[in-house]
Amino acid sequence: MFDTNTIEKFRDIPTPFYYYDVKLLKNTLDNLKEESVRHGFRLHYAVKANHNERILRIISSYGFGADCVSWNEIDAAIKAGFNPAEIVFAGVGKSDLEIINAIKAGIFCFNCESIPEMEVINEFAVKEKKTVRVALRINPLIDAHTHKYITTGIAESKFGINTWDLEAVLNRLNSLDNLKLIGIHFHVGSQITRLSVFKTLCTHINELQEWFSSKNAELKVINVGGGLGIDYDDPEKSPVFGEYFSLLREFIDLKPGQEIHAEPGRSIVGQCGTLISKVLYIKKGSNTNFAVIDAGMTDLIRPALYQAHHKIENLTSNGEPVRYDVVGPVCESSDTFAKFIVLPETKRGDIIAIRSAGAYGEAMASRYNLRNLAPAVFSDEL
Ligand SMILES: *Cc1c(COP(=O)(O)O)cnc(C)c1O
């Protein structure tokens, strides 16, 4: 993936930094656009995966909508060219100010998670003299077979409305004059690699459709959320958008006039990003060698937060294979990118690439230990 020319240029850039391959991102978006049109999906990019301004602008240029979980994300999305009328607002804890701002901006829809939330949105909709479109986020009770911190559709999850509460929610919604129910929304988890999980979701959606019909509640929008995984072992592999969309279309019984929406995040931006770092020291441990690099969990928290695995490459050595624990400088034992992996013999100054870091990398950066935020470098600016 990285030619010698690019690697030479990396040598002159202070590390760590996020490297974004614009061509790869555009290829992914071309593929996504083609498959979404073919299968009739309306898409809202999940901004939380990566809110870098340039990335947002590239994605908005494809005409997709945005899925936001804060007013700041909505604001950033609009500034980057997303049409407010294609923005959905999700999240279990929307603040008053966020709700007011989003109503004023005229977003497409609020994905609602509870009766108290609907009541507050209605209160502000009345004040603004607007009718606000809402979709109900339903917890479909599906095990996404992903890490427990990124599974969201199980009984103990804070997300979504449980099906046994739906009757009460629908009754309350019908009594709130400034809210209009437009559909149902789901999001069962992230980094889902077993497509059968989405097939199970389809069965739940069909059952729920019947239930809403029986209550004479019309649903225009079926929103399946995000969650399509990427292959962290093979950073060159593109996500299986075609298979994913066709499976959903095959197993969801859409009614005439219904629209199907999805909110991919990781699958759009994951593979185009790489965290580039330099080796500071090789330190001998009791039973391993530590390759201490200048990137840490503040730049990419996924391994520390949910034991995520990223492919790691030494771009500047072709020495004999040696085992290393690749660790960052942050004062936490969890600041470890990989344990006991094989790299070509590694020395101070070598350039280390942590692959597939485009999603939930830069977006989750922090200044813990008062570290600097790593900058973004784009392939077409090198
Ligand atoms: C996080 C999230 C997404 C995107 O998930 P990915 O796994 O990045 O595709 C979509 N919708 C909602 C509601 C989310 O919370």
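Numbering of ligands and ligand atoms starts at 1, following listing order. All residue numbers in this chain count up from 1 along the given sequence. Being a predicted model, the structure only gives us computed values, none of them experimental.
With a 4.0 Å heavy-atom cut-off, ligand 1 is reached by the backbone of Arg266 and by its side chain too. Only the side chain of Ala46 comes within 4.0 Å of ligand 1, judged by heavy-atom distances. With a 4.0 Å heavy-atom cut-off, ligand 1 is reached by the side chain of Asp67 but not by its N, CA, C or O.
For Tyr360, the heavy-atom gap to ligand 1 drops under 4.0 angstrom. For Ala359, the closest heavy-atom approach to ligand 1 does not fall below 4.0 Å. At least one heavy atom of His185 sits less than 4.0 Å from an atom of ligand 1.
Those atoms of ligand 1 with a heavy atom of Gly226 less than 4.0 angstrom away are 9 (O), 10 (C), 11 (N). Atoms of ligand 1 lying under 4.0 Å from any heavy atom of Ser190, numbered from 1 in the order shown and given with element: 6 (P), 7 (O), 8 (O). In the vicinity of Gly265, heavy-atom distances shorter than 4.0 Å reach the ligand 1 atoms 6 (P), 8 (O), 9 (O).
Salt bridge Glu113/Lys94: absent, no basic N to carboxylate O contact under 4.0 Å. Using a 4.0 Å cut-off between charged nitrogen and carboxylate oxygen, Lys347 and Asp350 count as a salt-bridge pair. Contact check on Glu53 versus Lys79 returns no salt bridge, with no Lys/Arg side-chain nitrogen under 4.0 Å from an Asp/Glu carboxylate oxygen.
Between Thr28 and Cys272 there is no side-chain heavy-atom pair separated by less than 4.5 Å.
Residues Phe10 and Tyr19 place their aromatic rings such that the two centres sit under 6.0 Å apart.
Counting heavy-atom neighbours within 6.0 Å of Glu381 CD, excluding the residue itself, gives a total above 12.
With respect to Asp231, the salt bridge (charged side-chain N to carboxylate O under 4.0 Å, His left out) criterion is satisfied by exactly one of Arg266, Lys311, Lys237, Arg355: Lys237.
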